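Here's the structure we're looking at; comments come further down.
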Amino acid sequence: MTKKYIATPSKTKEILNKYKFSFKKSLGQNFLVDVNVLENIIKHAGIDQHTGAIEIGPGMGALTEQLAIHADKVVAFEIDQRLLPILKDTLQDYSNVDIIHQDILEADVAEVIGEHFKPEQEVHVVANLPYYITTPILMKLVRDKLPVTSLTVMIQKEVAERMAAKPNNKSYGSLTVAVQYYTEASVVMTVPKSVFMPQPNVDSSILHLVMRDNPPVQVDDEDFFFTLVQASFAQRRKTLRNNLTSYFKETYTKEEIDVLLTEIGIDGTRRGESLDMAEFALLANAFYNDRK
Ligand code: SAM
């Protein structure tokens, strides 16, 4: 008899009934019930028998099981205590999985990587993320500059588009610049609602982030850079010089801002969304050094 994977509607229902499990919407519990989608995620994640995988939110183990089959080792963080005995049962055939009962936002992921994986092992983050905290989770993981090669995650389609956007696109904003400062981002595929149980209200995409060894631009002060990027997008319909004038109202006049913009060759009548990462770096460095 062929094995029935967790990620099928019938097996998932069987587990739900066995444990009388009720989904918690507040924890973003939409479980995957389609093995093809999971295989696609794993393929794009670059998982093979030598690699390690970190999963966030294993749920009942649908993705965890496929990772256990394809990867050398899997470590998964789950916040919902009710799922621990279920995972023990559903993943009993796999000896290469460790479940950590912890909120990922509280976890010291670098320490966990050091403890659970071989020193030179390539590690990838792979997850069907809880949508209510997608951005905090991804920003934490990329900012911490973890020793992971990539992150491949199922997230809300609009958020994936924002993270992977190019300039002059309505999805391009401060989140785009923040994510692409640390990673190379691409949307791998969009996924229909029908592959989840229960079905979410929003469409989903798989986002692939490859960690950069070094930022793509040189900035003199990272915090100031991100603050200035945010200020440039504060009111999307306003020009760059108007957004900067509002932000710097205590320190610069509009004329002074125009002088600085002219010096670096950026037209102040442009909108923030037209600036690429290199131009934002130029802008931030000019203001940062002028203020000192
Ligand atoms: N991986 C499973 C799947 O694809 O079927 C479940 C994915 S479900 C979208 C999100 C999972 O993340 C749930 O199991 C939920 O309990 C868990 N979760 C929610 N918030 C979390 C947090 N802060 N830390 C760790 N896990 C969390």
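These numbers come from the heavy atoms of this one structure, side chains and all, not from hydrogens, waters or symmetry mates. All ligand and atom numbering here is 1-based and tracks the order in the structure. What you see is a predicted model, and the numbers here were worked out from it, not measured in a lab.
Taking a cutoff of 4.0 Å between a charged side-chain nitrogen and a carboxylate oxygen, Arg270 and Glu279 qualify as a salt bridge. Salt bridge annotation for Glu161-Lys157: present, with a cationic side-chain nitrogen under 4.0 angstrom from a carboxylate oxygen. Look at Asp267 and Arg241 and you find no salt bridge, because none of the NZ, NE, NH1 or NH2 atoms lies under 4.0 Å from a carboxylate O.
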Residue pair Ser232, Tyr247: steps toward the side chain to side chain donor-acceptor pair (under 3.5 Å) verdict
CA-CA 9 Å; Ser232 305; Tyr247 178 73; over 6 Å; no
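At the top of the distance list for atom 1 (N) of ligand 1, counting protein heavy atoms only, stands Gly57 O, 2.7 Å. From the protein, the heavy atom lying nearest to atom 21 (C) of ligand 1 is Ile79 CG2, 3.5 Å. The single protein non-hydrogen atom nearest to atom 20 (N) of ligand 1 is Tyr132 OH, 2.9 Å, given as residue, atom name and distance. Of all protein heavy atoms, the one closest to atom 24 (N) of ligand 1 is Ile104 N, 3.0 Å. Looking at atom 4 (O) of ligand 1, its nearest protein heavy atom turns out to be Asn128 ND2, 2.9 Å.
Checked against the 6.0 Å centroid criterion, the rings of Phe287 and Phe224 do not qualify as a close aromatic pair. Taking the six-membered ring for Trp and the full ring otherwise, Phe233 and Phe280 have centroids separated by under 6.0 Å.
Counting heavy atoms closer than 4.0 Å to ligand 1, residue Tyr131 contributes nothing at all. Under 4.0 Å from ligand 1, the heavy atoms of Gln102 that appear belong solely to its backbone. Residue contacts with ligand 1 for Leu105 are absent, since no atom lies close enough (heavy atoms, distance under 4.0 Å).
The closest non-hydrogen atom to atom 23 (N) of ligand 1, taken over Asp103, Leu27, Val33, Leu63, comes from Asp103. Taking each of Ala7, Ser204, Ala62, Pro58 in turn, the one with a heavy atom nearest to atom 2 (C) of ligand 1 proves to be Pro58.
At a 3.5 angstrom cut-off on N or O pairs, Gln29 counts as close to ligand 1. At least one N/O-N/O distance between Leu32 and ligand 1 falls below 3.5 Å. The shortest N/O to N/O separation between Glu55 and ligand 1 falls below 3.5 Å. Annotation: Ile56 places no N or O atom under 3.5 Å from an N or O atom of ligand 1; distance criterion only.
Near Glu78, with a cut-off below 4.0 Å to any heavy atom, the atoms of ligand 1 are 13 (C), 14 (O), 15 (C), 16 (O), 17 (C), 26 (N). Applying the 4.0 Å criterion to heavy atoms of Leu129 picks out, from ligand 1, the atoms 9 (C). Close approach to Gly28 involves these atoms of ligand 1, each under 4.0 Å from a residue heavy atom: 8 (S), 9 (C), 10 (C). Near Phe77, meaning under 4.0 Å from any of its heavy atoms, are these atoms of ligand 1: 25 (C), 26 (N).
A side-chain donor-acceptor contact under 3.5 Å links Gln121 and Asp72. Inspection of the Ser174 and Gln230 side chains reveals no N or O donor paired with an N or O acceptor under 3.5 Å.
Between Asn242 and the choices Lys254, Arg237, Gln235, the side-chain hydrogen bond (donor to acceptor under 3.5 Å, both in side chains) rule is met once, by Lys254.
In this structure, the side chains of Glu55 and Val126 stay at 4.5 Å or more apart for every pair of heavy atoms.
The line from CD of Glu106 to CZ of Phe77 is 12.0 Å long, rounded to the nearest 0.5 Å.
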